[in-house]
Q: 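One structure is given below, represented as structure tokens, and several questions about it will come after.
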Amino acid sequence: MRNIFLVIKREYLVRVKKKSFLIMTLLAPLLFVGFYATVIWVALGSVDKKTVQVLDESGLFKKEFKDSETLKFVYVDSSIDSAKATFKASDANALVFIPKNVIREPKGVRIYAAKNVSMDLKSEIEKVIEKQIEDIKLSEAGITHKILEDSRVNVSSETISLSEEGEKTSSSGAATVIGGICAFLIYMSVFIYGTQVMRGITEEKTSRIVEVIISSVRPFELMLGKIIGVALVGLTQFVLWILLTTALTSATSAVLSSRMPKDSPQMQQEMDMIQKGMPNQNMPGGNVENPVAEVLGAVNSLNIPLILGCFLFYYLGGYLLYSALFGAVGAAVDNDADTQQFMLPITLPIIFSFVFAQFVLRDPDGTLAFWTSMIPFTSPIIMMVRIPFGVPAWEIALSMVLLVLGFMGTTWLAARIYRVGILMYGKKVTYKELAKWIFYK
């Protein structure tokens with residue numbers, strides 16, 4: 001055990017002290033937060049207030065076009081030819097012409113501009129005209145717009161979990177988001193850190209350093225120490241990423257909030273609704289909850305300690321299982337080019353499990369979900385997708401036991417290959433040769 005701890009310490013410190021580790025640990029959260037902050041910052045500052053002239057021959061839209069933070073409407077009273085000439089000499093961005101027979105011929109509306117107008121501006125103008133024409137036609141039919149709005153009903157149901165502890169509010173949206181994020185993190189970590197183990201072993205083998213190391217450390221102890229050492233590096237990086245991203249996101253949100261226009265009653269009302277998780281009347285249907293506020297509020301309904309604990313276990317279990325196989329590949333070959341033929345059988349179960357996860361999200365209690373969450377090669381990703389939805393304790397326990405047994409089996413298999421392959425040079429390795437190594441005494 002002492003030798004294993006020495007190898008773990010060496011692998012951990014060597015990687016953590018590298019400039020590349022420090023740079024990526026600090027740079028990844030900065031790039032992530034900086035990218036989205038830049039997009040929002042540019043979006044907030046790049047929209048100038050536009051002036052739109054309106055020539056309304058029908059006289060039905062005199063008070064319908066309302067000024068906003070980005071639009072200013074100016075009504076003109078002249079012929080269309082005169083309005084065009086005036087528009088060309090002005091600084092206005094667009095001229096809207098509404099004909100007298102707009103009710104019968106709504107396609108007669110024209111928008112003139114020095115160059116093409118944006119889709120947002122075109123949509124805003126069309127929306128105002130469509131609403132007014134709709135109100136007029138409803139009034140002629142004896143139906144007011146208020147009656148029509150009152151007749152529209154949006155059903156927003158609340159999901160409640162019935163358990164031995166009693167009734168508990170749950171959220172399928174939050175469960176889907178959390179499960180998907182956990183599965184993706186495990187998927188990426190297995191590839192990134194498993195490949196690090198393989199390349200580290202290949203480098204030591206090709207440089208012949210390993211011949212010196214195994215003179216005082218058994219091959220199995222060396223392999224296990226490398227696997228656990230890289231796992232701790234991954235955990236350290238994950239924790240730092242989470243802490244830094246949280247801190248940077250909070251600081252950036254405060255800065256961007258101070259830049260948002262607060263003098264708009266509509267903007268202030270929408271911000272208050274988002275913060276309180278209240279229905280936003282401006283959204284389609286007028287009674288739909290803000291999805292971001294719903295997901296953030298529903299996170300508290302999930303069993304966060306269980307999710308975090310299972311994530312830590314399945315992250316380590318999945319990584320240890322696959323990194324043992326990656327380590328065996330690294331010991332069997334002499335260069336990175338030869339790893340491709342052995343990488344495919346290892347990576348296929350990871351890719352399949354990530355694909356299966358899309359179907360498991362639709363039916364977390366189905367047959368496919370159950371069996372793929374029991375198989376050690378797919379359970380780390382699939383079980384993390386299922387856990388936020390609620391999984392019986394016996395299924396979690398059985399999955400964990402099978403994953404531990406799977407890790408022990410792959411470690412034994414990898415150790416048999418590692419002890420022979422680590423000192424094998426200049427020979428093209430095949431699957432048949434690997435099978436022989438496993439049964440060497």
Side-chain angles (χ1 to χ4, degrees), residues 39-40 42-154 260-271 273 279-288 290-291:
V39 171
I40 297 172
V42 171
L44 290 174
S46 62
V47 180
D48 299 325
K49 194 163 188 174
K50 293 179 173 58
T51 301
V52 178
Q53 295 180 353
V54 180
L55 174 57
D56 179 19
E57 289 186 347
S58 67
L60 302 173
F61 299 87
K62 290 295 185 183
K63 297 181 180 180
E64 298 304 320
F65 291 97
K66 308 291 183 183
D67 293 345
S68 65
E69 294 291 331
T70 58
L71 292 175
K72 179 182 179 182
F73 293 95
V74 178
Y75 290 90
V76 295
D77 187 9
S78 62
S79 65
I80 182 62
D81 293 332
S82 177
K84 288 180 184 179
T86 305
F87 169 73
K88 290 179 181 179
S90 68
D91 295 329
N93 301 95
L95 169 64
V96 180
F97 170 67
I98 304 175
K100 290 182 180 179
N101 60 341
V102 67
I103 301 296
R104 296 189 304 275
E105 296 290 338
K107 292 186 178 180
V109 176
R110 297 287 183 268
I111 301 176
Y112 298 95
K115 49 186 178 181
N116 284 340
V117 297
S118 66
M119 287 297 298
D120 288 342
L121 177 58
K122 183 174 181 291
S123 176
E124 180 70 21
I125 294 170
E126 290 175 350
K127 184 171 65 174
V128 172
I129 297 174
E130 287 172 357
K131 182 179 180 299
Q132 181 66 1
I133 293 175
E134 182 181 293
D135 287 345
I136 292 172
K137 288 187 175 182
L138 289 172
S139 298
E140 291 176 352
I143 302 173
T144 64
H145 193 75
K146 184 177 183 305
I147 294 175
L148 184 63
E149 287 294 327
D150 291 341
S151 66
R152 293 173 180 168
V153 178
N154 288 283
M260 289 184 179
K262 295 176 181 167
D263 54 340
S264 170
Q266 181 181 358
M267 175 71 73
Q268 190 62 45
Q269 181 184 9
E270 291 183 358
M271 290 300 296
M273 287 178 177
N280 190 340
Q281 300 299 328
N282 295 320
M283 296 182 69
N287 197 25
V288 181
N290 182 277

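All values below come from the heavy atoms of this structure, side chains included, with hydrogens, waters and symmetry mates left out. The first residue of the sequence shown is numbered 1, and numbering continues consecutively from there.
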Q: Return yes if some donor-acceptor pair links the side-chain N/O of Ser123 with the main-chain N/O of Met119 below 3.5 Å, else return no.
A: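 Flag not set: sc Ser123 to bb Met119 has no pair under 3.5 Å.
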Q: Please find the pair of heavy atoms, one from Val96 and one from Ile125, that lie closest to each other, and give the distance.
A: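 Heavy-atom minimum between the residues: CG2-CD1, 3.5 Å.
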Q: Rounded at 0.5 Å granularity, tell me how far CD1 in Ile111 sits from CD in Gln53.
A: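 Spacing of CD1 (Ile111) from CD (Gln53) equals 13.5 Å.
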Q: Please indicate whether Asn101 has more than 12 foreign heavy atoms, meaning atoms of other residues, nucleotides or ligands, lying under 6.0 Å from its CG.
A: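 Yes, CG of Asn101 has more than 12 neighbouring heavy atoms, counting only those of other groups under 6.0 Å.
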Q: Mind listing the closest non-hydrogen atom pair of Pro99 and Ser58 along with its distance?
A: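 In terms of heavy atoms, the two residues are closest at O-CB, 3.5 Å.
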Q: How many angstroms lie between atom CG of Asp56 and atom CZ of Phe97, to the nearest 0.5 angstrom?
A: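 Reported to 0.5 Å precision, the distance equals 9.5 Å.
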Q: What is the minimum heavy-atom distance between Val54 and Phe73, and which atoms define it?
A: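 Closest heavy-atom pair between Val54 and Phe73: CG2-CD2, 3.9 Å.
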Q: Can Lys131 and Glu134 be said to form a salt bridge (Lys or Arg N to Asp or Glu O under 4.0 Å), step by step?
A: CA-CA 5 Å; Lys131 182 179 180 299; Glu134 182 181 293; over 6 Å; no
Q: Which residues pass the side-chain contact (heavy atoms from CB on, under 4.5 Å) test with Lys84, not counting sequence neighbours?
A: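 Applying side-chain contact (heavy atoms from CB on, under 4.5 Å) to Lys84 gives Ile80, Leu95, Tyr112.
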Q: List for me each residue that meets side-chain contact (heavy atoms from CB on, under 4.5 Å) alongside Glu126, sequence neighbours excluded, and say none if there are none.
A: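 Partners of Glu126 under the side-chain contact (heavy atoms from CB on, under 4.5 Å) test: Lys122, Glu130.
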Q: Within the distance-only criterion (no hydrogens, no angle test), does the side chain of Asn93 pair as donor or acceptor with the backbone N or O of Val52 below 3.5 angstrom?
A: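 No, Asn93 side chain to Val52 backbone: no donor-acceptor pair under 3.5 Å.
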Q: Restricting to side-chain contact (heavy atoms from CB on, under 4.5 Å), what partner residues turn up for Asp81, sequence neighbours left out?
A: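 With neighbours one apart ignored, the set is Ser79.
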